[in-house]
Amino acid sequence: MDNRPLGDLGRPGRGGPVFKPRSEAARGYALSSPATAYVGFLVAAPLVILITYSFWTQTYVTLDKTPTLGNYRAALSDPLVHHLMLRSIWIAGAVTLATVVLAYPIAYFIAMKARRKTIWLLLITIPFWSSYLLRVFAWKLILGFNGVMNSALLGLGLIDEPLDFLLYNEFAVVLTLAHAWAPFAILPIYVSLQKIDPSLLEAATDLGNSPLQRFLRVTLPLTVPGIIAASLIIFVPTVGDYVTPALVGGSDGKMIANLIQVQFGAANNWPLGATLSLLAMMSVGFVAIVFVIAGRGLGGRIR
Amino acid sequence: MTEKNIIELKGVEKRYGSFLAASGIDLDLRQGEFFSLLGPSGCGKTTVLRMIAGFQEPTQGAILIDGQDMAGVPANNRPTNMVFQSYAIFPHLNVANNVAYGLRGRVPKAEIDARVTEALEMVELGGLHQRGANELSGGQRQRVALARALIMRPKVLLLDEPLSALDKKLREQMQFEMRNLQQSLGITFVMVTHDQYEAMTMSDRIGVMFDGRLEQVDTPATLYARPCNRAVASFIGEMNILPATVLEETGGMLSIEAAGFGRMRIERNVNATDRARDIIVGIRPEQLEIKADKPADYPATLKGKISNVAFYGENIHYHVAVENIDKPIAVSVPNYFHTVDFNRGDAVWLGLQVASVIDLGKERKSSQREKT
Amino acid sequence: MTEKNIIELKGVEKRYGSFLAASGIDLDLRQGEFFSLLGPSGCGKTTVLRMIAGFQEPTQGAILIDGQDMAGVPANNRPTNMVFQSYAIFPHLNVANNVAYGLRGRVPKAEIDARVTEALEMVELGGLHQRGANELSGGQRQRVALARALIMRPKVLLLDEPLSALDKKLREQMQFEMRNLQQSLGITFVMVTHDQYEAMTMSDRIGVMFDGRLEQVDTPATLYARPCNRAVASFIGEMNILPATVLEETGGMLSIEAAGFGRMRIERNVNATDRARDIIVGIRPEQLEIKADKPADYPATLKGKISNVAFYGENIHYHVAVENIDKPIAVSVPNYFHTVDFNRGDAVWLGLQVASVIDLGKERKSSQREKT
Amino acid sequence: GGADLSVFDWSGYEDPGFFASYMAKYGNEAPSYSYFGSQEEAFTKLMSGFTADLAHPCSDAVRKWVAADLIKPLDESKLTNWADMLPEIKEVDGIVLDGKLYMLPFEWGNTGLIYRTDKIAADAVSLQLLADPAYAGKIAIPDAASSAYALASLATGNGADYTNLSDEQFKEASDFLRAIHPNMRFYWSDAGQLDQAMTSGEIEMGWAWNQSELNLIWNEVPAAMMRDVDKGIATWVCGYVHLKSSTTPDEQVYDLLNALTDPVSGQYIIDNWGYPHSNAKAFEMADQANIEAYGFSDPKSFFEGSLFFDAVTPELEAKMLAEFERIKAGF
Amino acid sequence: MKRPSLLVIYAFAYLIFLYLPVMFLPLFSFNSGTIVAFPIKGWTLDWYRKLGEQDTLIQALWNSLGVGAVTALLATAMGLFAARAFVRYRFRGQAAAEGLVMLPLVIPGIIVASSMLVLFLFLGLQPSLVTVTLGHTFLALPFAVSILKSAFDDFDASLEEASYDLGCGVFETFRRVTLPVVAPGIVASILVTFTVSFDEFVLAFFLSGNQPTLPVYIWSQIRFPAKLPNVLALGSILLFASVMLLVLAKYFQRRSTTRDV
Ligand SMILES: Nc1ncnc2c1ncn2[C@@H]1O[C@H](COP(=O)(O)OP(=O)(O)OP(=O)(O)O)[C@@H](O)[C@H]1O
Ligand SMILES: Nc1ncnc2c1ncn2[C@@H]1O[C@H](COP(=O)(O)OP(=O)(O)OP(=O)(O)O)[C@@H](O)[C@H]1O
Ligand SMILES: [Mg+2]
Ligand SMILES: [Mg+2]
């Protein structure tokens with residue numbers, strides 16, 4: 001409702017820390033500005049740098065600063081870029097799906113059924129107080145050739161030979177990341193479940209829904225915002241992840257971020273790296289927007 | 001309204017841990033009646049309603065709907081529907097989809113549409129099909145909740161304080177409309193409320209609850225005229241309570257000595273089961289006459305002094321302090337032309353028709369469940 | 001209560017963006033009076049109270065407290081204290097620390113303790129010092145909020161719907177206690193409420209607000225007897241509204257032709273400023289007589305049919321449908337002995353004393369701010 | 001004090017045993033270290049403006065670092081141990097560029113084919129075996145273009161031309177890498193990953209550093225490096241370079257360089273870390289049994305017969321990087 | 001309902017999934033071999049015993065703890081104000097501001113890291129623990145804001161007004177009302193932002209000078225996996241310590257609430 005001009009910051013202060021009924025907007029700006037200015041500045045800088053670089057050219061160790069679209073042309077016409085981009089999006093999508101699907105029931109359990117919610121939430125965060133690298137090592141122990149999983153299956157007589165499809169493929173990437181992202185998926189979904197007014201669920205029951213129908217028609221649509229938030233928090237950084245694919249992805253697990261990483265690292269071609277980054281961010285943004293719209297739409301379609 | 005019982009509660013009890021939220025509830029609701037459950041906050045009204053709806057199972061006793069025992073029947077399979085206090089409008093659905101909610105997948109699409117339109121017309125929301133749930137005012141939400149429940153054609157409609165979230169004007173309007181709707185549909189309505197006027201103006205019968213017990217079930221007029229004990233008497237309207245001593249009991253009449261007014265013979269109150277020498281009696285404020293001089297034509301009179309004047313619009317309440325009686329006696333006088341006019345401190349006389357003195361039985365200790 | 005003005009509002013206006021939450025408010029509050037702001041939800045009552053408290057600055061006009069212009073004086077430097085609707089009890093402090101909150105660091109420890117004890121006794125919470133904020137019942141919370149504000153010895157105590165969260169019994173008790181407290185302390189109380197009975201029984205004067213405007217400021221009795229327009233008339237008590245045509249205007253009297261009742265001469269209502277040939281008049285339900293036969297001793301009579309009977313305890317309301325009048329006319333009859341007894345469909349006569357017909361001036365279009 | 005000097009290094013090299021004499025001179029204070037995990041990271045960070053006195057790349061990176069104007073030549077006359085260095089090492093391309101000494105070699109080692117001796121016989125093993133479909137899913141090579149092309153050049157018999165592959169040779173090498181791609185379990189990015197997989201039997205052959213061999217030996221895993229110069233093995237040399245951004249007095253910089261190349265340091269690294277050092281005298285002082293066990297009793301053979309990780313020409317390097325990315329992606 | 005429902009079974013299965021990997025860290029910290037793989041070579045306490053000698057590792061741990069602590073405080077402080085503004089006030093551009101604060105979650109780390117280094121050097125800030133802290137604060141802010149927003153959601157605005165009304169100024173109100181009431185949210189925010197900083201590598205690598213944080217040290221160890229068991233030992237101790245810390249915190253929290261009441 002507030003249509004006051006931005007410059008109107010209320011009466012001049014008389015000094016001293018007193019409560020002044022300044023305009024809401026003024027107080028909102030004043031309080032949020034440290035955080036927004038800080039983030040804004042540190043976000044703007046990388047973007048400006050990236051965009052500038054993407055119009056330059058690298059020749060060995062020197063930068064040619066004549067503006068050119070060459071990088072974009074090269075990147076867009078390279079089938080390798082297409083291939084990696086699509087695979088990244090597909091893997092990130094799979095990771096997102098797996099993480100959210102695995103996390104939803106546990107978030108549901110904590111929000112709706114668990115007695116000691118804080119304890120459960122803490123239990124879920126503790127495993128992540130150890131180094132990521134070490135956790136990846138541990139996954140390789142579990143999934144590896146001689147690993148826990150294979151030993152257990154062999155011991156039970158379920159298999160005769162160690163399975164080698166557990167590690168070094170897309171499955172391993174998805175599993176490792178579904179583990180790594182767990183708290184980031186659980187928390188937003190938990191929050192959105194927590195916000196559901198219990199009388200809505202009772203109303204659905206009262207109108208003849210079985211628990212399953214009730215879940216599909218009320219609970220799920222009402223948690224769409226939480227699912228979308230969780231998905232974005234997982235999807236976007238996963239596309240940019242180059243460490244996990246390198247560690248557990250095997251020979252087929254390479255993603256666009258590995259290529260970007262090579263440009264910023266070994267190849268020392270920052271302009272191309274910047275171009276690829278921007279292209280990646282744009283595709284990710286595009287996919288994310290499509291996803292959000294589709295998610296909302298789908299949520300709205302359930303009746 | 002017929003004499004057929006649509007709901008029967010037999011010795012129903014509900015415990016939360018060791019806490020008795022409802023106990024010994026025996027209640028028969030008739031087909032087509034408008035029944036209200038009235039009582040102070042926390043007395044167990046919602047608990048009873050939710051047991052009927054099937055959201056809670058009684059810890060003892062049985063609930064029958066239309067003759068069938070409901071034990072083990074989940075809420076979604078009961079022929080009841082509920083209007084929730086918060087309305088519980090599904091925020092992700094528009095008005096039409098909210099109303100159609102319970103029919104989807106059960107009834108052909110064309111029929112749903114027709115019934116939704118009909119239900120919306122019924123609650124005077126015709127044409128608001130596409131309105132979003134968050135774009136509704138309080139009164140509109142209430143109507144949507146009503147339509148959503150009624151479209152299911154329940155045998156019994158349960159309403160948990162359906163009007164308490166609305167402001168005065170709207171509340172009065174909805175009271176009127178809901179009563180009309182109920183009469184035209186002939187469905188049994190069971191409404192929980194803590195507003196005595198709401199209960200009295202809308203209901204065929206009222207059940208008054210205190211501390212988990214159903215104290216009295218009667219028509220509004222009977223409840224007002226013959227409350228069975230002090231709690232009921234003072235929860236509904238205002239009641240002057242006086243201590244009295246029973247002198248004699250003969251053929252449904254009691255000879256008593258009432259504080260201040262002296263000896264009189266009053267009707268024995270059928271609802272009160274325990275007799276005692278020391279009882280309390282009640283007198284409604286509007287059944288006392290207030291005069292500047294001693295009134296001649298009243299069998300019992302009393303002298304006092306105005307301690308307070310409270311203005312209620314239609315009526316004026318005088319509080320009259322009387323010697324040897326703890327609390328001032330309230331007298332209600334209609335506000336005709338604002339002519340009768342006593343002021344604080346004036347000496348006045350009270351006149352009483354003995355027939356209007358109500359036997360309220362023995363004074364009961366108030367339960368431990370009561371809070372400040 | 002003296003004639004000294006403790007608070008003066010001069011042409012106060014508050015805008016939120018382009019929305020006028022309060023406009024043209026002129027109001028003088030007297031030292032020691034109990035003043036209530038009454039009005040429907042969203043009319044701007046809280047906004048006015050918060051401007052006095054200093055939580056919001058008026059966009060126009062001036063607020064004076066005890067003669068001093070409060071412009072630019074922050075809430076923490078004003079001689080007012082507030083009891084919030086939600087009570088705003090600090091959840092991390094116990095009762096004593098809640099009450100002592102405003103004194104800490106300003107007054108020596110020993111004095112704080114003494115004043116806290118005194119304040120708690122005053123609100124009948126003596127001995128509850130150590131009780132945690134979350135262990136209090138609604139009524140206790142309300143008392144703590146009151147004690148916390150009163151301990152500051154404010155010149156004016158502001159109360160925003162202080163009783164709306166309590167149930168009937170408790171509300172009535174607190175109304176009584178708060179009124180007594182105010183009288184014994186002699187502090188000016190300004191209370192916001194949307195409950196007409198609360199306002200009428202507690203206040204010395206009432207200001208009625210609609211849509212951001214202060215429509216009428218008067219004592220409860222005057223407001224009831226002489227509302228200045230339709231909105232005020234129907235917000236306070238019930239009012240039958242009839243269209244009428246002015247035939248002549250002479251010396252403070254109007255000759256009118258009122259629907260159904262015919263020609264009559266009524267007093268011109270001083271509060272109404274605009275005259276018109278077509279006006280509306282109001283008749284209170286208790287000022288009509290209802291009889292089975294045509295009453296002889298009434299200057300105006302009317303024939304009708306009972307369309308509805310509503311039971312209100314002290315009174316019974318008959319709704320009488322009359323030909324050519326849209327809405328049934330409500331008649332209130334005291335519930336003496338439950339003797340008068342008409343039923344739906346009975347033909348009856350209404351008798352009217354012309355003196356009780358109230359001139360409500362020209363019909364005003366209801367503002368766009370009103371919702372369903 | 002000694003900590004004024006900053007070194008940009010792999011972690012672990014802050015071991016005081018490496019520079020005891022420096023600490024003795026500078027009040028028992030060690031230089032301060034910052035760390036990197038790979039040369040590429042280090043290069044990126046330096047290009048972004050990071051400053052230090054010394055850095056620790058390997059010979060193959062030096063050309064680029066010089067071209068990027070990151071490092072300055074060293075003054076031979078101030079290097080007190082220069083005379084005692086292994087003679088061959090002084091000539092390695094990259095250590096000296098255009099006649100200027102840019103990197104003081106510190107440690108060296110082999111990159112070669114490590115295999116499970118219990119699964120593959122010593123005389124059967126060869127680089128070509130990597131392409132054998134029998135080993136599908138049983139091999140691993142580094143996720144680094146230069147190392148991969150070194151392997152491929154050796155396997156295609158063009159090891160001698162590694163730094164200057166002709167187009168045809170380059171294609172042969174690429175084809176070899178494509179041929180072994182289907183067998184690849186993974187392209188390793190950290191040595192621990194390879195060690196883990198080799199230990200568990202997940203892979204049976206891998207192109208890796210001698211330090212992996214050491215680690216496997218220490219953990220009693222039946223594995224060894226194919227050290228036959230004729231079958232193909234590569235050698236790497238790493239050392240310290242003087243960064244242009246250095247601000248500490250030269251004298252102190254050279255004190256550390258001299259401490260690092262001291263025979264005592266050399267002996268320490270050979271005995272405790274199992275790495276061959278650049279100082280010839282260190283080999284005489286160290287435990288000969290260790291030298292034997294770790295496979296560098298005859299340094300000369302490697303310096304003559306193995307492929308050296310010299311700095312390849314910039315154009316070739318770019319081609320290798322681009323092509324390797326495609327090969328890894330299955331193109 | 002005696003039989004545990006499917007959901008409960010799933011919840012415990014999921015917990016096992018979460019804990020399975022971390023359970024192996026302590027196991028291998030007792031392995032006498034240096035390669036983290038089965039079969040275990042033998043049992044030893046050496047890695048724990050030798051932990052004291054790993055000066056650089058211990059120093060890296062302290063660096064990480066310090067950076068984590070300062071990051072947690074900075075991010076929580078800024079988050080506190082921002083969350084308050086977002087929940088309490090309506091202002092133009094609010095949605096944009098809320099979105100902006102969430103951006104660090106979604107920009108690829110290496111891009112942020114390298115450009116931040118360029119930026120800091122341009123501003124004359126040499127890589128050090130200070131720059132790492134600045135970077136981590138950036139990364140942790142979205143977490144702090146979202147946690148504190150939900151804390152303020154439950155915070156009744158009239159509590160602050162009651163304090164002003166009772167004569168307290170802005171700072172006094174903040175200290176005596178706001179802070180104690182949102183304390184649980186603040187604690188949660190501090191814990192989470194600390195965790196984020198403690199496990200972060202990419203930014204820390206680019207922005208650290210000659211004082212590595214623990215992840216930077218561990219990652220650069222990759223060249224020398226022989227030292228990994230030391231890291232495992234340290235990791236196990238940290239895990240144990242954090243569990244203990246939580247148990248203690250819970251214990252004291254319960255104690256303090258019972259006392260207050
Ligand atoms: N799930 C529960 N567990 C424990 N006690 C409960 C539970 N639900 C209700 N109660 C208690 O049972 C008593 C009756 O509750 P109920 O909700 O039926 O009261 P009510 O009459 O509807 O009151 P109100 O008018 O405030 O809604 C209350 O004292 C309440 O505290
Ligand atoms: N901060 C604000 N910004 C915009 N509009 C506001 C704000 N505060 C109040 N309003 C609007 O001003 C009008 C008056 O609000 P106010 O709270 O004074 O009403 P009220 O009479 O106290 O109502 P209630 O009985 O519901 O408390 C309402 O329509 C409300 O929506
Ligand atoms: Mg209830
Ligand atoms: Mg209000």
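First the proteins, then the strands, lettered A, B, ... as listed; each starts at 1. If you're wondering where the values come from, they're calculated on a predicted model, not measured in any experiment.
Once rounded to the nearest 0.5 Å, the distance linking CG of C/Asn308 with CZ of B/Arg179 reads 8.0 Å.
A 6.0 Å sphere centred on CG of B/Asp326 holds no more than 12 heavy atoms belonging to other residues, nucleotides or ligands.
Interface remark: of the candidates B/Pro285, B/Pro220, B/Ser234, B/Pro220 forms the most heavy-atom pairs closer than 4.5 Å to chain C. Residue with the most contacts toward chain B among C/His317, C/Glu124, C/Met202: C/His317 (heavy-atom pairs, distance under 4.5 Å).
Using a 4.5 Å heavy-atom cutoff, the side chains of C/Tyr312 and B/Thr201 are in contact. Using a 4.5 Å cut-off on side-chain heavy atoms (C-beta onward), B/Gln287 and C/Glu314 make no contact.
With a 4.5 Å cut-off on non-hydrogen atoms, B/Gln196 touches chain C through its side chain but not through its backbone.
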